[in-house]
Trainee: 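I am attaching a structure below and will ask some questions about it afterwards.
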There are 2 protein chains.
Amino acid sequence: MDLVTLYKCLGDPTRLRILNLLREGSLCVCQLQEALDESQVKMSKHLGYMKKRGLLVSERIANWNYYKINPVAHPMLKANMKALGSFAAKDDELASDLKRLREVKSQADCS
Amino acid sequence: MDLVTLYKCLGDPTRLRILNLLREGSLCVCQLQEALDESQVKMSKHLGYMKKRGLLVSERIANWNYYKINPVAHPMLKANMKALGSFAAKDDELASDLKRLREVKSQADCS
DNA sequence: GAGGAATATTCCTTTATCGGTATATTCTTT
DNA sequence: AAAGAATATACCGATAAAGGAATATTCCTC
């Protein structure tokens with residue numbers, strides 16, 4: 001995966017919000033959808049976009065598709081994800097996304 | 001300047017090549033143009049794109065317009081520029097861009 | 001195998017991006 | 001003021017992105 005592709009993936013607000021949540025580990029589409037309060041299509045498309053470019057990997061378990069950051073993705077991704085963490089603390093939207101994710105997770109499991 | 005905008009700026013091959021050279025400090029359009037062997041319009045447009053978004057600042061001196069990285073740009077930019085440095089050492093194109101820049105600089109001054 | 005849930009894909013429209021050609025602007029020099 | 005150099009802008013065409021609506025796929029359960 002080349003650097004330009006990596007930055008293109010990062011250069012979209014929805015994808016940044018998704019990646020912010022994926023710092024927490026593997027998540028399925030509906031969890032992301034709920035936490036970000038966005039449409040299913042939008043989620044699926046952005047996840048597909050990043051997977052296609054090697055940023056994410058997915059694993060299907062029953063009806064659910066779990067996405068996570070590709071552990072062998074570009075090293076620059078890890079650095080930016082880490083920086084995103086400290087940025088998220090100061091950013092209202094990213095912070096409340098995380099908060100909502102925790103609520104979503106604490107509710108009934110996807111299964 | 002927001003994070004998404006920053007990443008959009010980084011998500012283009014020509015702009016990454018420009019930024020790689022601007023790590024060396026302030027450069028005028030014709031120096032960049034020569035070092036990257038690209039058209040004047042292309043250079044000017046990408047520089048304008050980044051300036052408009054707060055990534056670069058410029059200073060006109062006589063006929064020449066010198067661009068440099070905005071010292072007060074997003075902190076994430078600095079981190080990525082630094083990382084770009086180590087990446088450039090391994091990347092053929094970025095490395096030869098730097099080489100050519102040094103040739104350009106060693107030649108007659110712009111003035 | 002029929003129905004339902006989770007997800008992906010197709011089609012469409014709108015908007016952004018990129019690069020080129022041609023032209024304009026700005027500044028310097030004569 | 002005219003010419004030339006360095007740079008910017010306007011306009012155009014091609015391509016990519018982004019999101020919505022509708023539909024398809026996949027897998028589970030009954």
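Chain A is the first sequence line, chain B the second, and so forth, proteins listed ahead of strands; every chain is numbered from 1. Values in this document were obtained by computation on a predicted structure and should not be read as measured data.
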Trainee: Sort out for me which residue in A:Thr14, A:Leu36, A:Leu47, A:Ile18 forms a side-chain contact (heavy atoms from CB on, under 4.5 Å) with A:Lys42.
Mentor: A:Thr14
Trainee: Salt bridge check: are A:Glu59 and A:Lys68 linked by an N-O gap of less than 4.0 Å?
Mentor: no
Trainee: I'd like to compare against my own output: the B/S/- annotation of nucleotides 18-24 of chain C with a strict under-4.0 Å heavy-atom distance to protein.
Mentor: SBBB---
Trainee: What are the two closest non-hydrogen atoms of A:Trp64 and A:Cys28, and how far apart are they?
Mentor: CD1-SG, 4.0 Å
Trainee: Which residue, B:His46, B:Arg17, B:Gln33, forms the side-chain hydrogen bond (donor to acceptor under 3.5 Å, both in side chains) with B:Glu38?
Mentor: B:Arg17
Trainee: Could you tell me the separation between the CG atom of B:Asn63 and the P atom of C:dT29, rounded to a whole number of Å?
Mentor: 8 Å
Trainee: Please give me the minimum heavy-atom distance between B:Lys78 and B:Ala73, naming the atom from each residue.
Mentor: NZ-O, 4.2 Å
Trainee: Start at the 5' end of DNA chain D and walk down; is the nucleotide closest to A:Arg53 or to B:Met43 reached first?
Mentor: B:Met43
Trainee: Decide yes or no for A:Pro71 and A:Val57: does some side-chain heavy atom of the first lie under 4.5 Å from some side-chain heavy atom of the second?
Mentor: yes
Trainee: Anything under 4.0 Å to a heavy atom of chain A counts; send over the first and last such nucleotide of DNA chain D, read 5' to 3'.
Mentor: D:dA17 to D:dC28
Trainee: Any side-chain donor-acceptor pair under 3.5 Å between B:Asn80 and A:Tyr7?
Mentor: yes
Trainee: Going by the rule ring pair (Phe, Tyr, Trp, His ring centres under 6.0 Å), which residues pair with B:Phe87 if we only count those two or more places apart in sequence or in a different chain?
Mentor: A:His74
